[in-house]
Asks: 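Structure incoming, see below.
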Amino acid sequence: MSTVSTVNGGISFWYADQGTPLAREPLPGDATADICIVGGGYTGLWTAYYLKKAVPFLNITVLEAKFCGYGASGRNGGWLYNGIAGRDRYAKLHGHEAAVRLQQAMNETVDEVVRVAAEENIDADIHQGGVLEVAYTPAQLARLKDFHSVEIAFGETDRVLRGARETCERVNVTGAVGSTWTPHGARLHPVKLVQGLAATVEAIGVTIHESTPVTEIKPKHAHTPYGTVRAPYILRCTEGFTANLKGRRRTWLPMNSSMIATEPLPRSVWDTIGWEGRETLGDMAHAYMYAQRTADDRIALGGRGVPYRFGSGTDNDGRTQPATIEALRDILVRFFPATAGARIDHAWSGVLGVPRDWCATVTLDRSTGLGWAGGYVGSGVATTNLAARTLRDLIQQDSGQSGPTDLTTLPWVGHKVRRWEPEPFRWIGVHGMYAAYRAADRRELTSPRPGTDPIAKAADRLAGRH
């Protein structure tokens with residue numbers, strides 16, 4: 001497999017496919033609004049969409065540092081699925097039924113995104129093939145069966161457990177010994193969705209200023225190099241780039257994730273692989289992978305490369321270390337040996353937001369008018385939509401336009417968590433955690449035992465995930 005001609009960086013393959021957009025005008029100077037949204041990714045744009053639809057006369061301004069979708073919204077794996085970070089912890093804090101309501105809201109969110117995209121004529125290559133997660137070691141199979149049982153206990157009665165033969169009839173993953181499938185998922189083209197959403201909110205009267213980095217957020221003020229926007233509500237929708245804001249270096253850790261995309265694969269390769277259902281595909285490894293079959297018959301596959309930059313640093317253009325490209329290529333060929341001769345057309349990286357307890361949250365501080373949503377830990381394509389509708393309801397409740405709703409009473413609303421450790425402790429901790437996960441995966445590949453490797457259990461405790 002050749003990587004000599006691989007485009008490395010340039011934001012993402014999705015932008016290479018669509019073209020980098022011309023930036024909208026920056027903020028021309030001091031301004032006022034009813035609501036100021038900081039961040040032009042999925043969270044910010046969905047929030048602007050639902051607020052403007054609910055109250056058309058609202059003056060809403062979105063401030064984006066680069067251009068809409070520059071961050072994770074334009075670099076992700078295109079998994080629109082029902083996973084949400086922190087559900088098990090919310091069950092412990094608020095009870096099982098509260099977490100079931102959260103899961104049901106996520107199931108419905110997948111359909112909501114598909115519905116709005118169709119209603120607004122946003123062609124994002126959406127295909128509702130569900131989510132298939134496979135196991136290829138005894139330890140992974142044991143975890144998969146446990147995971148399947150837990151998901152059913154949280155209300156996913158339409159989830160299906162498959163054996164080795166049934167799995168390979170769907171997607172011929174070499175060595176697969178089982179899988180679990182949920183219908184609550186879809187493949188999509190991330191950039192087509194974010195660009196379509198930005199155009200939609202602009203068309204209904206939302207003001208978007210790009211090339212306008214917000215340096216500091218205070219109650220009723222969003223400060224930029226070009227001026228200050230004053231508004232009763234300031235909503236922070238910056239996800240993995242939150243650490244760039246003054247005073248937010250340790251709020252959410254910017255976790256790095258990397259991807260590759262092959263050339264379009266010929267029919268002969270697809271005859272070997274199958275994947276006619278175009279499910280999004282994942283595994284049960286500790287350092288897990290995620291993949292999709294794109295609309296033009298490539299495989300886009302991702303995983304953790306170098307997981308974290310010292311000092312909560314973020315990249316500029318998605319450039320990826322050569323060793324990471326090789327590691328992802330190795331995963332691709334291990335899963336699908338028929339791709340061994342395929343060209344890797346593109347490689348890129350991006351950051352996602354990780355809270356200290358790995359729980360996604362949405363909050364409105366009614367005393368200050370400051371709101372925020374994020375910490376999706378990689379499951380934000382759908383979760384951003386639920387967060388946006390929740391922020392809409394919280395603002396309408398605060399302004400006296402409505403009372404509590406089903407969304408404002410979900411257990412992730414108002415959740416608080418401590419900050420990450422200072423450097424160098426968080427760098428050591430994150431790199432140590434992923435080194436342990438990779439070591440555990442290697443050991444499990446050669447072990448006949450069904451139990452999770454003790455190294456991975458120790459890494460979970462270090463991370464605060466269990």
Asks: For the pair Leu265 and Arg293, evaluate side-chain contact (heavy atoms from CB on, under 4.5 Å) and give the outcome as yes or no after the intermediate values.
Replies: CA-CA 10 Å; Leu265 301 175; Arg293 177 179 177 177; over 6 Å; no
Asks: So do the side chains of Val173 and Asp283 get within less than 4.5 Å of each other, counting heavy atoms only?
Replies: no
Asks: Supply the atom-to-atom distance Leu410 CG to Arg101 CZ, rounded to the nearest 0.5 angstrom.
Replies: 5.0 Å
Asks: May I ask you to decide if Leu364's main-chain N or O and Asp398's side chain share a donor-acceptor pair within less than 3.5 Å?
Replies: no
Asks: Would you say the side-chain atoms of Asp393 and Gln397 include a donor-acceptor pair closer than 3.5 Å?
Replies: no
Asks: Any donor and acceptor pair, going by atom type alone, linking the side chain of Asp17 with main-chain N or O of Phe13 inside 3.5 Å?
Replies: no
Asks: Examine Phe335 together with Tyr136 and report whether their ring centres are nearer than 6.0 Å.
Replies: yes
Asks: Would you check, one step at a time, whether the test side-chain contact (heavy atoms from CB on, under 4.5 Å) holds for Gln103 with Arg87?
Replies: CA-CA 8 Å; Gln103 184 60 66; Arg87 185 198 61 192; 2.8 Å; yes
Asks: Has Arg366 got more than 12 heavy atoms of other residues, nucleotides or ligands less than 6.0 Å from its CZ?
Replies: yes
Asks: Side chains of Arg392 and Leu407, heavy atoms from C-beta outward: is any pair under 4.5 Å?
Replies: yes
Asks: Would the number of heavy atoms belonging to other residues, nucleotides or ligands and lying under 6.0 Å from NZ of Lys220 be above 12?
Replies: yes
Asks: Do you know which two heavy atoms are closest between Ala176 and Cys168, and how far apart they sit?
Replies: CB-SG, 4.3 Å
Asks: Between the main-chain N or O of Thr167 and the side-chain N or O of Ser179, is there a donor-acceptor pair closer than 3.5 Å?
Replies: no
Asks: Indicate yes or no: at least one non-hydrogen side-chain atom of Asn82 is less than 4.5 angstrom from one of Glu156.
Replies: yes
Asks: Could you tell me which non-hydrogen atom of Trp348 sits nearest to which non-hydrogen atom of Ile260, and how far apart they are?
Replies: CZ3-C, 3.9 Å
Asks: Could you check whether Trp275 and Phe336 have their ring centres less than 6.0 Å apart?
Replies: yes
Asks: Could you report the tightest heavy-atom contact between Leu144 and Thr180, atom names first, then the distance?
Replies: CD1-N, 3.8 Å
Asks: Can you tell me which residue pairs pass the ring-ring contact (aromatic ring centres under 6.0 Å, His included) test with a partner in residues 141-171, sequence neighbours excluded?
Replies: His96-Phe154
Asks: Classify the ring geometry between His221 and His223 as parallel (under 30°), tilted (30 to 60°) or perpendicular (over 60°).
Replies: parallel
Asks: Rounded at 0.5 Å granularity, tell me how far CZ in Arg278 sits from CG in Asp125.
Replies: 9.5 Å
Asks: Show the numbers, then the answer: is there a side chain to side chain donor-acceptor pair (under 3.5 Å) between His189 and Gln18?
Replies: CA-CA 10 Å; His189 189 300; Gln18 283 298 102; 4.5 Å; no
Asks: Mark yes or no for whether His431, through its side chain, and Tyr308, through its backbone, hold a donor-acceptor pair below 3.5 Å.
Replies: yes
Asks: Just how far is it from atom CZ of Arg298 to atom CD of Gln292, taken to the nearest 0.5 Å?
Replies: 11.5 Å
Asks: Does the pair Glu108/Arg389 count as a salt bridge with the N-to-O cut at 4.0 Å?
Replies: no
Asks: I want to check something: taking the side chain as every heavy atom from C-beta on, are Leu386 and Leu102 in contact at a cut-off of under 4.5 Å?
Replies: yes
Asks: So, does Thr137 use its side chain to make a donor-acceptor pair with the main chain of Gln140 at under 3.5 Å?
Replies: yes
Asks: May I ask you to check if Arg356 and Trp420 form a cation-pi contact, with NZ or CZ under 6.0 angstrom from the six-membered ring centre and within 45° of the axis?
Replies: yes
Asks: With side chains defined as the heavy atoms from C-beta onward, is the minimum distance between Trp252 and Trp372 less than 4.5 Å?
Replies: yes
Asks: Take Cys68 and Leu45 through the side-chain contact (heavy atoms from CB on, under 4.5 Å) test and state the conclusion after the steps.
Replies: CA-CA 8 Å; Cys68 290; Leu45 293 174; 4.2 Å; yes
Asks: What is the distance from atom OG1 of Thr109 to atom CD of Gln104, rounded to the nearest 0.5 Å?
Replies: 9.5 Å
Asks: Test side chain to side chain donor-acceptor pair (under 3.5 Å) on Thr43 and Thr384; report intermediate values, then the result.
Replies: CA-CA 5 Å; Thr43 305; Thr384 51; 5.0 Å; no
Asks: What I'd like to find out is whether the side chain of Leu51 reaches to under 4.5 Å of the side chain of Leu391, using heavy atoms alone.
Replies: no
Asks: Is there a donor-acceptor contact under 3.5 Å from the side chain of Asn385 to the main chain of Ala382?
Replies: no
Asks: Can you confirm whether the side chains of Ser257 and Arg304 place a donor and an acceptor under 3.5 Å from each other?
Replies: yes
Asks: How about Thr383 and Trp412: do any of their side-chain heavy atoms sit closer than 4.5 Å?
Replies: yes
Asks: What about the rings of Tyr15 and Phe67, do their centers lie closer together than 6.0 Å?
Replies: yes
Asks: Can you tell me if Asp406 has over 12 outside heavy atoms packed within less than 6.0 Å of its CG?
Replies: no
Asks: For side chain to side chain donor-acceptor pair (under 3.5 Å), just list the numbers for His415 and Asp357, CA-CA rounded to whole Å, side-chain angles, deciding distance to a tenth of an Å, and then say yes or no.
Replies: CA-CA 11 Å; His415 179 72; Asp357 66 352; 2.6 Å; yes
Asks: Kindly compute the distance separating OG (Ser379) from CG (Leu80), expressed to the nearest 0.5 Å.
Replies: 11.0 Å
Asks: Would you say the side-chain atoms of Thr262 pair up with the backbone N or O of Ile299, donor to acceptor, closer than 3.5 Å?
Replies: yes
Asks: Checking Glu444 against Thr452 for the side-chain contact (heavy atoms from CB on, under 4.5 Å) test, could you report, in this order, the C-alpha distance in whole Å, the side-chain angles of both residues, the deciding distance, and whether it holds?
Replies: CA-CA 8 Å; Glu444 288 180 1; Thr452 290; 4.0 Å; yes
Asks: Within the distance-only criterion (no hydrogens, no angle test), does the side chain of Asn8 pair as donor or acceptor with the backbone N or O of Thr320 below 3.5 angstrom?
Replies: yes
Asks: Thinking salt bridges, do Glu133 and Arg143 make one under a 4.0 Å N-O criterion?
Replies: no
Asks: Looking at Gly353, is its backbone amide N or carbonyl O close enough to the side chain of Glu239 to form a donor-acceptor pair, meaning the two atoms are under 3.5 Å apart?
Replies: yes
Asks: As a quick check of understanding, evaluate side chain to side chain donor-acceptor pair (under 3.5 Å) for His184 and Asp158, giving each step before the final call.
Replies: CA-CA 9 Å; His184 303 293; Asp158 45 5; 2.9 Å; yes
Asks: I need the minimum non-hydrogen distance between Val110 and Gly185, along with the two atoms involved.
Replies: CG1-N, 4.0 Å
Asks: Thinking salt bridges, do Asp453 and Lys457 make one under a 4.0 Å N-O criterion?
Replies: no
Asks: Specify the closest pair of heavy atoms between Pro190 and Tyr42, including all atoms of both residues, with the distance to one decimal.
Replies: O-OH, 2.9 Å
Asks: Do Glu216 side-chain atoms and Lys246 backbone N/O form a donor-acceptor pair below 3.5 Å?
Replies: no
Asks: For residues Met289 and Leu328, determine if any side-chain heavy atom of one lies less than 4.5 Å from a side-chain heavy atom of the other.
Replies: no
Asks: On a heavy-atom basis, which atom in Glu423 and which in Trp427 lie closest, and how many Å separate them?
Replies: OE1-N, 3.0 Å
Asks: Please report the interatomic distance CZ(Arg159) to OG(Ser149), rounded to the nearest 0.5 Å.
Replies: 10.5 Å
